[in-house]
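Since the structure is predicted, the reported quantities are computational estimates derived from the model, not experimental observations. Reminder, nothing fancy here: chain letters follow the sequence lines and each chain counts from 1.
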There are 2 protein chains.
Amino acid sequence: MICTCEFCEIKNIFYATVKEAELEEFCGSRIEKEVRAGELIIRQGDPIKDFIYLKEGLVKLYRDTPNGRQIISLGIPKDFVSLLSVFAGNSYTYSVTALHNSIICILDMAEIRQLVSENGDFAMSMIATLNKASERILFNYLDLNQKRLTGRVAQVLLYFSDIFQSDDFEIPISRVEIAQLVGMTTENVVRTIAELRKDNIVDAYGKDINIKNRDMLVKIMNLN
Amino acid sequence: MICTCEFCEIKNIFYATVKEAELEEFCGSRIEKEVRAGELIIRQGDPIKDFIYLKEGLVKLYRDTPNGRQIISLGIPKDFVSLLSVFAGNSYTYSVTALHNSIICILDMAEIRQLVSENGDFAMSMIATLNKASERILFNYLDLNQKRLTGRVAQVLLYFSDIFQSDDFEIPISRVEIAQLVGMTTENVVRTIAELRKDNIVDAYGKDINIKNRDMLVKIMNLN
DNA sequence: ATCAGACAATGATAATTATCAATGTTTAAG
DNA sequence: CTTAAACATTGATAATTATCATTGTCTGAT
């Protein structure tokens with residue numbers, strides 16, 4: 001047996017739905033790959049041949065337009081990095097780059113398609129997962145757009161706090177990238193974080209963040 | 001045979017993928033319903049029991065939050081009105097209301113699920129369609145957020161022009177709804193349209209719009 | 001037909017955010 | 001270890017957008 005990752009989401013879908021023989025065949029053709037922080041995993045415009053799953057690490061999904069770069073979302077372990085457009089189009093409409101050193105699992109898209117076609121339960125799980133992920137991204141955006149800058153920054157900080165399960169963490173992206181993620185200028189990201197520091201709501205030295213007053217930060221997120 | 005709509009998207013998926021007997025059974029259990037302009041089709045929070053397809057007319061998908069209402073997208077004929085969250089959650093995360101008198105086709109969600117499970121080709125088509133629709137909505141939002149107010153209004157007007165295949169049409173939504181669709185205030189929607197009129201780019205009397213200088217309108221959409 | 005409530009329009013003003021400029025700091029490549 | 005490039009910071013200012021106030025207009029229910 002080649003698939004040994006205990007908590008692999010895809011494998012779990014399989015276990016629930018696929019015969020043992022299918023699983024082995026499938027696992028045999030997958031490629032596990034280490035990527036370094038900063039390394040490009042998917043390039044916007046590239047043909048979609050693989051289905052990519054994030055085993056370990058942290059990545060950003062973003063797109064470049066004539067008007068600048070927008071970060072669409074971050075991917076954490078167990079996320080399908082291929083999610084938008086994999087079943088819809090021929091080429092990727094966004095890029096993916098590793099933020100931390102990461103391990104990705106590369107599956108053949110044709111095989112995934114075949115599995116969807118042949119295995120109804122697998123298809124259902126796949127639809128549900130993709131549906132959930134794209135809804136989360138969309139609604140997150142809708143939420144952001146109702147907020148002012150302070151609220152957006154608060155939301156980002158609380159998001160990271162949630163990912164790292166701590167009030168004390170290192171922001172995995174630069175100020176520039178925060179700006180691209182929430183749709184504001186870099187200068188205003190800096191200023192807003194400085195404000196939060198002055199108001200004693202967070203400690204912030206560069207990328208090190210400590211949330212000192214979570215209740216207030218949540219209030220700011222909701223009111224602005 | 002009960003399914004007689006010549007251009008039904010769902011039926012077409014079936015034809016390509018489903019046995020004749022399945023199709024008849026399925027069609028037998030569908031309900032076709034007329035809804036009047038203004039009528040609520042799906043209420044945010046309601047349990048998801050049906051899968052709804054728009055045969056005729058125009059609808060809006062929107063959600064209400066503590067900070068106000070946001071229109072997520074408009075649905076046109078052949079759109080799946082149930083798209084976000086149908087396969088992901090138990091209840092609708094958004095509402096749907098008819099803008100024009102419309103005809104919807106109501107299918108049993110359990111039957112759709114069963115078909116996905118039993119019929120791989122159907123599953124593939126379903127994934128592709130949902131994937132495409134949610135990507136369109138998301139990227140449309142990302143586009144909007146890079147634009148200033150003038151650009152957003154220009155984009156909306158061109159969008160309607162595209163739906164109605166004419167430079168001369170009646171906006172199907174109010175100024176208030178345009179504001180909810182593109183994330184700006186009603187006052188600024190009014191002002192922006194007034195600007196476009198003064199600059200001789202559109203004629204606008206109430207809901208009647210005539211695009212007089214399409215090239216310029218496209219430029220405004222792209223530059224702002 | 002009329003009347004309340006929603007919608008539309010416009011101006012004045014305030015609040016928010018972006019832009020521009022300048023300078024300090026960190027980081028990665030050689 | 002050094003150095004250029006990217007990143008971060010801050011202030012001043014301009015541009016954009018929202019808010020508030022007021023008035024006019026349309027529309028659907030009685």
Side-chain angles (χ1 to χ4, degrees), chain A residues 36-39 60 67-71 97-101 144-157 170-199 202-209 220 223-224, chain B residues 36-39 60 67-71 97-101 144-157 170-199 202-209 220 223-224:
Chain A
R36 317 211 42 159
E39 198 173 323
K60 64 174 174 180
N67 300 312
R69 175 170 294 183
Q70 292 175 301
I71 296 182
T97 293
L99 293 170
H100 290 168
N101 292 338
L144 269 182
N145 279 321
Q146 289 191 319
K147 295 185 204 305
R148 299 228 198 57
L149 302 194
T150 328
R152 294 183 197 184
V153 170
Q155 181 166 322
V156 170
L157 294 180
E170 200 168 289
I171 311 182
I173 58 179
S174 67
R175 306 289 194 258
V176 175
E177 287 168 317
I178 293 177
Q180 292 165 347
L181 181 60
V182 302
M184 55 196 277
T185 54
T186 309
E187 291 97 319
N188 280 331
V189 171
V190 172
R191 268 187 273 263
T192 304
I193 292 177
E195 278 293 321
L196 293 173
R197 182 177 46 232
K198 277 171 207 150
D199 295 345
V202 304
D203 264 353
Y205 308 103
K207 301 212 159 158
D208 293 320
I209 296 286
I220 289 171
L223 288 182
N224 293 283
Chain B
R36 317 212 41 161
E39 199 174 319
K60 63 174 174 181
N67 300 313
R69 175 170 295 182
Q70 292 175 300
I71 296 182
T97 293
L99 293 170
H100 289 167
N101 293 338
L144 268 182
N145 279 323
Q146 289 191 318
K147 293 184 203 306
R148 296 223 204 48
L149 302 194
T150 328
R152 295 183 196 184
V153 170
Q155 181 165 321
V156 170
L157 295 181
E170 200 168 288
I171 310 181
I173 59 179
S174 67
R175 305 291 194 257
V176 175
E177 288 169 318
I178 293 177
Q180 292 165 347
L181 181 60
V182 301
M184 54 193 279
T185 54
T186 309
E187 292 97 319
N188 280 331
V189 170
V190 171
R191 268 188 274 262
T192 305
I193 292 176
E195 278 294 321
L196 293 173
R197 183 178 45 233
K198 277 170 207 147
D199 295 344
V202 304
D203 264 353
Y205 309 104
K207 301 211 159 159
D208 293 320
I209 297 286
I220 289 172
L223 287 183
N224 292 281

For B/Asp208, enumerate each residue passing the side chain to side chain contact (heavy atoms under 4.5 Å, CB included) test, keeping only those at least two apart in sequence or located in another chain.
B/Glu170
List for me each residue that meets side chain to side chain contact (heavy atoms under 4.5 Å, CB included) alongside B/Leu181, sequence neighbours excluded, and say none if there are none.
B/Ile71, B/Val156, B/Ile173
So how far is it from [X] [atom1] to [Y] [atom2], rounded to the nearest 0.5 Å?
X: A/Leu196; Y: A/Asp203; atom1: CG; atom2: CG; result: 11.5 Å
X: B/Ile209; Y: B/Leu157; atom1: CD1; atom2: CG; result: 5.5 Å
X: A/Asn101; Y: A/Glu39; atom1: CG; atom2: CD; result: 9.0 Å
X: B/Thr150; Y: B/Asn188; atom1: OG1; atom2: CG; result: 9.5 Å

[X] has an atom [atom1]; how far is it from atom [atom2] of [N], in whole Å?
X: A/Gln146; N: D/dA18; atom1: CD; atom2: C1'; answer: 15 Å
X: B/Asn145; N: D/dT17; atom1: CG; atom2: C1'; answer: 14 Å
X: A/Glu170; N: C/dT27; atom1: CD; atom2: P; answer: 10 Å
X: A/Ile193; N: D/dC7; atom1: CD1; atom2: P; answer: 15 Å
X: A/Ile178; N: D/dC7; atom1: CD1; atom2: P; answer: 13 Å
X: B/Arg148; N: C/dT19; atom1: CZ; atom2: P; answer: 7 Å
X: A/Leu149; N: D/dT17; atom1: CG; atom2: C1'; answer: 12 Å
X: B/Leu223; N: D/dA15; atom1: CG; atom2: P; answer: 18 Å

A/Ala154 versus A/Ile220, closest heavy-atom pair with distance:
CB-CG2, 4.0 Å
Looking only at heavy atoms, which two atoms of B/Ala179 and B/Thr186 are closest? And how far apart?
CB-N, 3.7 Å
Reading nucleotides 7-12 of chain C from 5' to 3' and marking B where a protein heavy atom lies under 4.0 Å of the base, S where only the sugar-phosphate is that close, and - otherwise, the string is -SSBBB
With the sugar-phosphate defined as primed atoms, P, OP1 and OP2, and the base as all remaining atoms, what B/S/- string results for nucleotides 24-30 of chain D, 5' to 3', for protein heavy atoms under 4.0 Å?
-------
Provide the full list of salt bridge (Lys or Arg N to Asp or Glu O under 4.0 Å) pairs with a residue in residues 171-192 of chain B, sequence neighbours left out, each pair given once.
B/Lys60-B/Glu177
Helix axis bend for the helix from C/dA1-D/dT30 to C/dG30-D/dC1 - C1'-based end axes, five pairs, 10° rounding:
60°
Can you tell if the side chain of A/Ser174 reaches within under 4.5 Å of the side chain of A/Lys207, non-hydrogen atoms only?
yes
Check the pair B/Met184, B/Val153 against side-chain contact (heavy atoms from CB on, under 4.5 Å), reporting the backbone distance first and the verdict last.
CA-CA 10 Å; B/Met184 54 193 279; B/Val153 170; 3.9 Å; yes
